[in-house]
Amino acid sequence: MDASNPERRLTLRQRIFDILEHSRRRDFASRVVDFVLVVLIVSNVAVVIAQSVPEVAAEYGASLLAFDRLCVIIFAIEYIARLWVAPEHPMLRGNGPTMARLRFAGTPLMIIDALALLPWLLEVLFPSSVLMPLTRLVRLLKLARYSPAIATIGRVIVSERRALLACIIILSGVLLAAAAVMLAIEGREQPERLGDMPKTMWWAAAMLAKIGGGETEPVTALGRIVAAITVMLGIFCFALPVAIIGRGFYEEIRRRDFVITFAMVARVPLFSKLDAGAIADLVGILRARTVTPGTTLMRRGDRGDAMYFIASGRVEVSTETLTLYLSEGDFFGEMALLSREPRTATVTAVSSADLLVLEVDDFLRLLDKLPAFKEHIQEVAKERREGNVQGS
Ligand code: CMP
């Protein structure tokens, strides 16, 4: 079965693409490069903090500056290399090299990388800008590339955007109402502090967020009641988005042991011929699962609820009569979903493996949507069934 995944002869550009962008967790070079870049980013941020302390800057200023320059050079090389390999990206296939690079430069992570280089440019143009520490700390955002959790927060915010927008509208409504009521009640009593809407809005925001506002105490009884209600509403208004994001975050983390990338899906031979839109859909549908050696993924006779694609690693398939191995690029678990009969084999991981899981509902939807996928899966399942019959 490993023969279905012939070794590719890689060009230098493809190899660098693999190392920089594909992030195969079992690729040593890719892990080393990721590790070095993460250490540099974190150290660089530490250096920015240290440089802002006058005593440290006086003593170690020259070394810290040299380190910062070194980081800039490495980040610049990294940026140029990422641009250079962009035409290898499966999502940009079909574009000419220049177009692919331009489009790649516009992706969020590349914009962050470009911003991370900006302080250096600012330093050249405006040598003593007060914004320097702020712009340099943008480099911390580069970590988004290496942290599934940060990428997950982005996805959660996008997927919960309607609920979050509702929270913002509720919060704005409460803020304006509290400000208007306070202006009506206390506007004349304390004109210097609560005499107009901007002033009472600031007071309402401080009360809602519980960040103080204590220095502007209402002097009337009614004003105090309104203040108390505002504080309580504040707790509700802030708890709501926190709960929404918290729940979404938990769901996402549970669903994904690792971030499924476009390149990862495009590498599965079965999907490699799909267009970019279909692959992007799959990235959203597939669930990631990492397993340790010895994990039993399914047992013969079980009911089928999902099929699996192997992104990396190796599994053993044990039918009634045969034992065979599947590895990167192969899939399994399709037969029970197609026939709606019990699993025909027990499948166990023999190495650590990263798997892409396709749940049965999504599987059935894909069969309808992608005739080539259906045909290929049916063909492989038929061959496997015949192989099992002959083996017995
Ligand atoms: P399913 O029957 O759903 O669950 C067990 C899986 O093992 C099965 O789907 C196939 O994906 C896989 N399998 C069964 N027999 C073979 C075979 N002869 N060769 C490769 N894979 C197999």
Side-chain angles (χ1 to χ4, degrees), residues 1-8 24 26 255-258 260 264-274 278-279 281-392:
M1 288 297 134
D2 293 348
S4 66
N5 184 27
E7 279 291 311
R8 290 190 308 148
R24 269 197 292 189
R26 320 242 175 264
R255 244 163 46 84
R256 291 159 187 265
D257 287 356
F258 56 90
I260 298 180
M264 207 182 267
V265 175
R267 283 288 168 93
V268 175
L270 184 57
F271 299 138
S272 61
K273 293 196 183 61
L274 296 179
I279 295 180
D281 286 349
L282 276 168
V283 172
I285 291 173
L286 293 165
R287 181 166 62 84
R289 182 167 172 202
T290 301
V291 290
T292 48
T295 308
T296 301
L297 292 151
M298 57 186 66
R299 284 179 205 283
R300 201 157 66 83
D302 281 357
R303 212 166 56 88
D305 52 2
M307 74 170 291
Y308 297 76
F309 299 89
I310 306 175
S312 70
R314 203 170 152 80
V315 300
E316 181 193 81
V317 177
S318 184
T319 71
E320 206 173 357
T321 49
L322 302 167
T323 296
L324 44 93
Y325 295 89
L326 301 176
S327 59
E328 188 173 323
D330 289 329
F331 58 83
F332 59 90
E334 78 294 352
M335 290 167 74
L337 305 191
L338 284 171
S339 65
R340 296 177 199 240
E341 284 174 8
R343 296 285 194 201
T344 55
T346 297
V347 182
T348 312
V350 287
S351 71
S352 311
D354 291 334
L355 305 170
L356 309 176
V357 188
L358 182 60
E359 308 287 350
V360 59
D361 295 346
D362 295 320
F363 171 79
L364 296 173
R365 231 170 284 138
L366 273 191
L367 287 189
D368 283 345
K369 215 163 125 189
L370 306 172
F373 171 80
K374 180 176 180 176
E375 206 173 297
H376 185 82
I377 291 248
Q378 282 176 332
E379 210 170 288
V380 172
K382 187 164 162 251
E383 272 169 28
R384 288 176 173 177
R385 197 166 299 116
E386 285 168 3
N388 292 351
V389 171
Q390 277 165 20
S392 61

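FYI, side chains are in, hydrogens and waters are out, and symmetry mates aren't considered; it's all heavy atoms of this structure. Counting starts at 1 for both ligands and their atoms, following the listed order.
- Contact atoms of ligand 1 toward Leu324: 17 (C), 18 (N), 19 (N), 20 (C) (distance under 4.0 Å to a heavy atom of the residue).
- Using a 4.0 Å cut-off to heavy atoms of Phe332, the atoms of ligand 1 that qualify are 11 (O).
- Residues Thr295 and Thr348 form no side-chain contact, since every pair of their non-hydrogen atoms from C-beta on lies 4.5 Å or further apart.
- Under 4.0 Å is where a charged nitrogen must lie from a carboxylate oxygen, and between Asp362 and Arg365 at least one such pair does.
- Every N/O-N/O distance between Met298 and ligand 1 stays at or above 3.5 Å.
- Within the 4.0 Å heavy-atom cutoff, Gly333 counts among the residues contacting ligand 1.
- Taking any N or O of Arg384, backbone or side chain, at least one lies under 3.5 Å from an N or O belonging to ligand 1.
- Here Lys369 pairs with Asp281 in a salt bridge; the nearest charged N to carboxylate O distance falls below 4.0 Å.
- Those atoms of ligand 1 with a heavy atom of Thr344 less than 4.0 angstrom away are 1 (P), 2 (O), 4 (O), 5 (C), 8 (C), 14 (C).
- Of all the atoms in ligand 1, the ones that sit under 4.0 Å from a non-hydrogen atom of Ala336 are 1 (P), 2 (O), 3 (O).
- Enclosure of atom CD in Glu375 is not indicated, since only 12 or fewer non-hydrogen atoms of other residues, nucleotides or ligands lie within 6.0 angstrom.
- In the candidate list Leu338, Leu322, Val315, Val317, Val317 is nearest to atom 12 (C) of ligand 1, counting heavy atoms.
- Contacts with ligand 1 closer than 4.0 Å are made by no heavy atom of Met307, backbone or side chain.
- A cation-pi arrangement is found for Arg384 relative to Phe331, the charged atom lying closer than 6.0 Å to the ring centre and inside a 45° cone about the ring normal.
- Taking the six-membered ring wherever Trp is involved, the centroid distance between the rings of Phe309 and Phe271 falls below 6.0 Å.
- With hydrogens and angles disregarded, a donor-acceptor distance shorter than 3.5 Å links the side chain of Ser351 to the backbone of Arg314.
- Of the heavy atoms in Thr346, none comes closer than 4.0 Å to ligand 1.
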